[in-house]
> 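Here it is, the structure in full.
Every number for a ligand or one of its atoms is a count from 1 in the order of the listing.
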Amino acid sequence: MTFTDELRQKADPIWEASFNHPFVQGLGDSTLPLDRFRYYVLQDAYYLSHFARAQALAAAKADSLEVTNSMAKHVQGTYEAELDLHRTFMKQLNISEKDQQSFEPAPTAYAYTSHMYRASQFGQLGDVIAAILPCYWLYAEIGEQLKHKTPKEPVYQTWIKAYHSDWFMTLVKEQIDRLDQLAETASEAEKERWADLFLKSSQYEYLFWEMAYTLEKWPMEAYRKVSVTN
Ligand SMILES: Cc1ncc(C[n+]2csc(CCO)c2C)c(N)n1
């Protein structure tokens, strides 16, 4: 069994909770209320903009120029493909400039991106890959599970297609192989740390659906917001 097979097995109950989450199920059968998807798109654009920086830190931490180059291409992929998808959604969902300007990251989006920065600022290449791998891999499995669904809502169809594509599968496979290769020469302590980061990101992926489904807010209005509106 490869190192990433072991991680996948350990994360299975957490991933199952994502597969069964009403947000994910609702994308497949169009029962997801559009306001929750709208909220998700805004939070996810924030998430992706920080994800790209974590990928860039991985590029800088690689000790071969090939890996630096490959990770830099992944940054470009996040910027051009994923964020482009979001720009399309924003137009289709009439998300205005004003909506984007008044945007505040919700507690979970803030915590998840902070978790990725923690791994990428203080860890080595393997730590960053372990923290970002569930983002790729979980979405690929969700794309696979939803591929035969034909939701009435066109925006949900676009979402499903994006994560069930050859382009996307190649990216996922590259990161899985990279972590397995690093694991071959890693110490037990490193592998334990990577497993912990992978499982925490898996939990955050679940929490991200929950955040969007419940339209999560900070428990108290931010002072900045209060002073602006007054
Ligand atoms: C919360 C959240 N988790 C994962 C993804 C999916 N994703 C984000 S970056 C990336 C890598 C290449 O584009 C992938 C697959 C998402 N959009 N939002």
> Name the option, out of W167, Y139, F208, W137, that contains the heavy atom nearest to atom 6 (C) of ligand 1.
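Selected option, by shortest heavy-atom distance: Y139.
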
> Looking at F168, which atoms of ligand 1 are within less than 4.0 Å of one of its heavy atoms?
15 (C)

> In terms of residue, atom name and distance, what is the protein heavy atom nearest to atom 11 (C) of ligand 1?
Y136 CE2, 3.4 Å

> Just to confirm my output: which protein heavy-atom neighbour is closest to atom 9 (S) of ligand 1, and how far is it?
F51 CE2, 3.2 Å

> Just checking, R87 and Y79: is the charged tip under 6.0 Å from the six-membered ring centre and within 45° of the axis?
yes

> Which of the atoms in ligand 1, numbered in the order shown and given with their element, are less than 4.0 Å from a heavy-atom of T78?
12 (C), 13 (O)

> What do you reckon, is CD of E174 surrounded by more than 12 foreign heavy atoms closer than 6.0 Å?
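Yes, CD of E174 has more than 12 neighbouring heavy atoms, counting only those of other groups under 6.0 Å.
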
> In the protein, what heavy atom is nearest to atom 14 (C) of ligand 1, and what distance, to one decimal place, separates them?
E82 OE2, 3.0 Å

> What's the verdict on ring pair (Phe, Tyr, Trp, His ring centres under 6.0 Å) for F37 and F89, showing C-alpha distance, side-chain angles and the deciding distance?
CA-CA 10 Å; F37 188 75; F89 289 150; 5.2 Å; yes

> For R118, does the CZ atom sit with more than 12 other heavy atoms under 6.0 Å from it, leaving out its own atoms?
no

> Is the number of heavy atoms from other residues, nucleotides or ligands under 6.0 Å of Y117 OH greater than 12?
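Correct, the count exceeds 12.
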
> After noting the C-alpha distance and the side-chain angles of H50 and Y46, does the key distance pass the ring pair (Phe, Tyr, Trp, His ring centres under 6.0 Å) rule?
CA-CA 7 Å; H50 294 290; Y46 168 85; 4.6 Å; yes

> Examine ligand 1 and decide if any of its atoms is less than 4.0 Å from a heavy atom belonging to Y204.
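Y204: no contact with ligand 1 (<4.0 Å).
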
> At under 4.0 Å between heavy atoms, is it the side chain or the backbone of E205 that contacts ligand 1, or both, or neither?
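Side chain only.
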
> Considering the heavy atoms of L48, write down every atom of ligand 1 situated less than 4.0 Å from one of them.
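Checking each atom against L48, I get 8 (C), 9 (S), 17 (N).
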
> Which residue owns the protein heavy atom closest to atom 17 (N) of ligand 1, what's the atom, and how far is it?
D44 OD2, 2.9 Å

> Evaluate W209 against Y204 for ring pair (Phe, Tyr, Trp, His ring centres under 6.0 Å), listing each step before the verdict.
CA-CA 9 Å; W209 308 122; Y204 275 126; over 10 Å; no

